[in-house]
Amino acid sequence: MMRFRPGLALGCLLVDVSLTSAKALAAPPAVFVQTSAADFEEGEAVGTVVAPPGQVEPGFSHRRVDIDAAFVWSSALAADGKTAFVGTGDPGRVYATSIAQGGARLLAELPEPWVTAVAVQSPQTLLVATTPGAKLYQVNISDGKYKEIARLESEHIWSLLHDSKTRVTYAATGSPGRIATIDAAGKVRKLWDSGDQHLVSLAFDAEGALLAGSAEKAILFRVTPQGKATALTDFEAAEVRAVVVVGDVTYVAVNAFESAPDVAAQTQDKAAKGTPLVSGGKAPAAPGRLPRPGAPKGRGAVYRLDKQGALESVASLDQGYFSALGADKAGNVFAAAGTEGKVFRIDPDRNVVLLAELPERQALTVWPTATGLVVGTGDAGAVFVATPATAKNASYLSKVFDATRWAHWGQFRYGASSALAIETRAGNTARPDATWAVWSALASPTFAHSEGEGRIASPSARYVQYRVTLPPDAALRDTAIYHRPQNLRTRVSELSLAAPEGVDASKREHNAVLKLRWKVENADGDVIAYKLSYKPESENQWRTLVPGHEALAKAEYDWNTETVPDGEYVVQIKATDAPSVPQDQALESTYVSPPVLVDNTRPTITDLAARLPEVTGVAQDAGSVISHVEVSIDAGPWQSAAAKDGLLDQKQEAFGFRLPNLTAGAHVVAVRAYDAANNVGAAQLVITTNRSQR
């Protein structure tokens, strides 16, 4: 039989479990809460967006317009806002897309493989730039006929701006990076040379000057119509890919790429020989770094530059790059990403919202319209016309909430700008499947003072999910799903004795107080109450251990054993979660310990005698085995005595101690013996010698 020694933990012996209720539903209500943007971003927004600081609101729905090309690289909007013109690559074509009706009409196919820039010259004509060869074409919008009007002394034209007042067109070129002007007669003039490899972006500022972004050195310049340039910002990056101006604030998209010297060298060699810069349908990664197999690895950021020159980062991509910027009349900036087909909205307060995540990998051009956006993509080439989502197609699907076990669903509460149509479903698989219950609307829904609620009608299960449709101008700000998980029984798994406070464990000191400590398995985290009782091991009648039948709130109790006879006792601990749940639903478990030794009686020492040169005797104890015997001569240090049978393992032990050399005269031999409970008994013997003994 296992015996309980001080400091020795008991094994897990659950000998009896008693139920106080047959009901399993008993844990206190819990709640799943969504309040932040991060919370809502775990769900799926369809025609909706998750906006800072944390709300779901209607976004855009989009329709796809197929384009017969590898990628859509450039775009422009007609003056009436009804038609978007897009330039493609591989092959180099220009398409017209109706904003209202969709569809794509092929206007023209140019001799070069890329259309890198498009600008509206008049209601009847477009200006179209191609590469390689840096040619500028005029395309008739009605019949698609085109003619070459200029060829620049560069390899590429990356951006076009047309000034309808002066009828002058500005072109940003690559290899070398310059700004050229083309007048109405097609005369080309070099306005300014950046000294960099490429100028890849152009925009007019509020005063009519040009803002130009370069690639390889990534510098943002301001250039006057007279050709005087000022460097505004030198970025630690590879390119200033896009520039857009909102009032007196400038936004720039800046990218840094992992170096690929071999690819760059090959590109320069091919360009020098007139080899096409794209092949195999690959969309361009970045101007001046072509071609790149697949998506380039890099980092992108959008910066905000005010008229005082203060620069701050307002959006960033740790993996990926920004490919285009656009702005609407409300001051919102739209940033297209060249990886994962993402389009972001940056509002005037610098809040960033993921507006769209298109199925194509690269969003390469973005152009705001009066009703939404036009986005051109690569991998594969397509145009997406985005318009505000209607109540039919603006919805939000939450993540799957896990109650960790079977749960009963209660109220669904939410904060919103108006009453919303909310449905829930529940099931017992981590991913919704055919075994889940069907979608059910909230029962007895109410809405007042921006707060709505209703009873969840889905059946009890482990998992739950909700979906909501949002009418125009609605916003869902927070949600709370109340539920009561299945109650789990609390169990005591182990009982041990803690050392008395302030007692050195290396010293043999008896303490009649047994510090009982027990481990508890409480998966619910309920408040638990404990009731303790005890009995002699050989009896059947339990006796209350805690005075007054008090329930304990902590998993510990100090038992003063001075009032009970020595012997072996077992301790019973009943644990209940009644403080946390309704009384008729509480669960209880019972734990019975292995035998606990109570021994407050000192050992005795008998038959103490000296048979020089040895002292012998017998130590015995009624309650426990003798654990240690020591001898001291003339108040000297205590030294261990040996058991006659070689091992101290019985309640009665004969022992012996060989005396050292003693001088002639009387000597006091003191003996003390310890039992397993650290009780100590002592005796002494006086011996007289006439001479030294060995």
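This is a predicted model, so every value here is computed, not measured. The analysis underlying the following values was restricted to heavy atoms, covering all of them including side chains, and did not include hydrogens, waters or symmetry mates.
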K.L.:
Has Thr173 got a side-chain atom pairing as donor or acceptor with Ser154's backbone, closer than 3.5 angstrom?
P.N.:
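Checking the backbone N and O of Ser154 against the side chain of Thr173, no donor-acceptor pair under 3.5 Å is found.
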K.L.:
For the CD atom on Glu357, are there more than 12 heavy atoms of other groups (residues, nucleotides or ligands in this structure) within a distance under 6.0 Å?
P.N.:
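Result for CD/Glu357: enclosed.
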K.L.:
For Glu236, is the CD atom crowded, meaning more than 12 foreign heavy atoms sit under 6.0 Å from it?
P.N.:
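No, CD of Glu236 has 12 or fewer neighbouring heavy atoms, counting only those of other groups under 6.0 Å.
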K.L.:
For a quick check under 3.5 Å, do Ser440 and Glu423 share a side-chain donor-acceptor pair by atom type?
P.N.:
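Absent: no donor and acceptor within the cut-off.
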K.L.:
Taking C-beta and beyond as the side chain, do Thr169 and Leu160 meet within less than 4.5 Å on heavy atoms?
P.N.:
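They are in side-chain contact.
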K.L.:
Between Ser323 and Ala336, is there a donor-acceptor pair closer than 3.5 Å when you use the side chain of the first and the backbone of the second?
P.N.:
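Yes, the answer is positive, given that a donor and an acceptor are paired below the 3.5 Å cut-off.
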K.L.:
Taking the side chain as every heavy atom from C-beta outward, state whether Trp73 and Thr88 have any atom pair closer than 4.5 Å.
P.N.:
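No, too far: nothing below the 4.5 Å cut-off.
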K.L.:
Leu220 versus Phe235: any side-chain heavy-atom pair under 4.5 Å?
P.N.:
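Yes; the side chains approach each other to less than 4.5 Å.
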K.L.:
Which residue is it: Ile422, Val46, Leu397? I am looking for the one with a side-chain contact (heavy atoms from CB on, under 4.5 Å) to Arg467.
P.N.:
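Answer to the side-chain contact (heavy atoms from CB on, under 4.5 Å) test with Arg467 among Ile422, Val46, Leu397: Leu397.
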K.L.:
Within a reach of under 6.0 Å around CD of Gln308, are more than 12 heavy atoms found that belong to other residues, nucleotides or ligands?
P.N.:
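Enclosed.
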K.L.:
Less than 4.5 Å apart, any side-chain heavy atom of Arg304 and any of Arg350?
P.N.:
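Of all side-chain heavy-atom pairs linking Arg350 with Arg304, at least one is under 4.5 Å.
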K.L.:
Where do Leu442 and Pro445 come nearest, in terms of heavy atoms and distance?
P.N.:
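Heavy atoms only, the tightest pair is O-CD, 3.6 Å.
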K.L.:
Just by modelled atom types, is the Ile99 backbone N or O under 3.5 Å from a matching donor or acceptor in the Thr369 side chain?
P.N.:
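Here the side-chain-to-backbone pair does not exist.
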K.L.:
Taking everything shown except Asp349 itself, do over 12 heavy atoms lie less than 6.0 Å from its CG?
P.N.:
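Result for CG/Asp349: enclosed.
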K.L.:
Should the pair Arg413 and Tyr482 be classed as cation-pi, given the thresholds of under 6.0 Å to the six-membered ring centre and 45° from the axis?
P.N.:
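Arg413 over Tyr482 ring: yes.
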K.L.:
Tell me the closest heavy-atom pair linking Gly47 and Ala389, and the distance in Å.
P.N.:
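The pair with the smallest heavy-atom distance is O-CB, 3.1 Å.
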K.L.:
Distance-only, no hydrogens or angles: does the Asp402 side chain make a donor-acceptor pair with backbone N or O of Tyr463 under 3.5 Å?
P.N.:
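Checked: no pair found.
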K.L.:
When you compare the side chain of Val246 with that of Val333, does any pair of heavy atoms fall below 4.5 Å?
P.N.:
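In contact.
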K.L.:
Nearest 0.5 angstrom please: Thr130 OG1 to Leu136 CG, how far?
P.N.:
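With rounding to 0.5 Å, OG1 (Thr130) is 8.5 Å from CG (Leu136).
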K.L.:
Do NZ/NE/NH1/NH2 and the carboxylate oxygens of Lys217 and Asp196 come within less than 4.0 Å?
P.N.:
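Salt bridge absent between Lys217 and Asp196.
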K.L.:
Any sub-3.5 Å donor-acceptor pair from Ser417's side-chain atoms to Ala475's backbone N or O?
P.N.:
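Side chain of Ser417 to backbone of Ala475: a pair is present.
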K.L.:
Which word best sums up how the rings of Tyr414 and Phe412 line up, parallel for under 30°, tilted for 30 to 60°, or perpendicular for over 60°?
P.N.:
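The arrangement is tilted - the two ring planes meet at 30° to 60°.
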K.L.:
For the residue pair Tyr321 and Phe257, is the inter-centroid distance of their aromatic rings smaller than 6.0 Å?
P.N.:
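Yes, close enough.
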K.L.:
On the 0 to 90° scale, with breaks at 30° and 60°, tag the Phe384-His62 ring pair as parallel, tilted or perpendicular.
P.N.:
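The rings of Phe384 and His62 stand perpendicular, inter-plane angle above 60°.
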K.L.:
Is it the case that the side chain of Asp328 and the backbone of Gly331 share a donor-acceptor pair, with hydrogens and angles ignored and the cut-off at 3.5 Å?
P.N.:
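Confirmed, Asp328 side chain pairs with Gly331 backbone.
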K.L.:
Compare every heavy atom of Leu325 with every heavy atom of Ala253, then report the nearest pair and how far apart it is.
P.N.:
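So the minimum-distance heavy-atom pair works out to N-CD1, 3.6 Å.
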K.L.:
Of all the heavy-atom pairs spanning Ala37 and Ala51, show the shortest one and how long it is.
P.N.:
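Minimum heavy-atom contact is CB-O, 4.5 Å.
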K.L.:
Is there a side-chain contact between Pro485 and Arg405, using heavy atoms and a 4.5 Å cut-off?
P.N.:
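Heavy-atom side-chain distance check passes, below 4.5 Å.
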K.L.:
Check the side chains of Ser316 and Ser313 for a donor-acceptor pair under 3.5 angstrom, ignoring hydrogens and angles.
P.N.:
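Note: Ser313 and Ser316 side chains miss the donor-acceptor criterion.
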K.L.:
Side chain to side chain donor-acceptor pair (under 3.5 Å) between Thr48 and Glu57: does it pass, once the steps are laid out?
P.N.:
CA-CA 6 Å; Thr48 56; Glu57 59 188 45; over 6 Å; no
K.L.:
Under 3.5 Å, is there a donor-acceptor pair between the Thr424 and Ser458 side chains?
P.N.:
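Indeed, the side chains of Thr424 and Ser458 share at least one donor-acceptor pair under 3.5 Å.
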K.L.:
Do Arg425 and Gln465 meet the criterion of a side-chain donor-acceptor pair at a distance under 3.5 Å?
P.N.:
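Distance-only check passes for Arg425 and Gln465.
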K.L.:
Is any side-chain heavy atom of Ser201 closer than 4.5 Å to a side-chain heavy atom of Arg241?
P.N.:
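Side chain of Ser201 against side chain of Arg241, heavy atoms only: no contact under 4.5 Å found.
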K.L.:
So, do His408 and His483 have ring centers that fall under 6.0 Å from each other?
P.N.:
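Not under 6.0 Å, so no.
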K.L.:
Kindly say whether Val115 contributes a backbone atom to a donor-acceptor pair with the side chain of Ser74 at under 3.5 angstrom?
P.N.:
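Looks like yes, one N/O pair under 3.5 Å.
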K.L.:
Which pair of heavy atoms, one from Ile141 and one from Pro123, lies closest together, and at what distance?
P.N.:
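Taking every non-hydrogen atom into account, CD1-O, 3.4 Å.
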K.L.:
Within the structure provided, determine whether Tyr303 and Thr233 are in side-chain contact (heavy-atom separation under 4.5 Å).
P.N.:
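No. Closest side-chain heavy atoms not under 4.5 Å.
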K.L.:
Between Gln362 and Thr377, is any side-chain donor less than 3.5 angstrom from a side-chain acceptor?
P.N.:
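Side chains of Gln362 and Thr377: no pair found under 3.5 Å.
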K.L.:
So, for Phe334 and Trp367, is the gap between ring centers shorter than 6.0 Å?
P.N.:
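No, too far apart.
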K.L.:
Does a side-chain N-to-carboxylate-O contact under 4.0 Å join Glu239 and Arg299?
P.N.:
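Between Arg299 and Glu239 there is no salt bridge, as every charged N stays at least 4.0 Å from the carboxylate O atoms.
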K.L.:
For Gly177, is there any backbone N or O sitting under 3.5 Å from a side-chain donor or acceptor partner on Ser194?
P.N.:
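Flag set: sc Ser194 to bb Gly177 pair under 3.5 Å.
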K.L.:
Backbone N or O of Arg431 within a donor-acceptor pair of the Thr429 side chain at under 3.5 Å?
P.N.:
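Yes, because the side chain of Thr429 sits within donor-acceptor range (under 3.5 Å) of the backbone of Arg431.
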K.L.:
For residues Gln34 and Tyr466, is any side-chain donor paired with an opposing acceptor at under 3.5 Å?
P.N.:
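Indeed, the side chains of Gln34 and Tyr466 share at least one donor-acceptor pair under 3.5 Å.
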K.L.:
Mark yes or no for whether Arg477, through its side chain, and Ala416, through its backbone, hold a donor-acceptor pair below 3.5 Å.
P.N.:
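Yes.
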K.L.:
First locate atom CG of Asp163, then atom OG1 of Thr181, and finally report the distance between them rounded to the nearest 0.5 Å.
P.N.:
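OG1 of Thr181 is found 11.5 Å from CG of Asp163.
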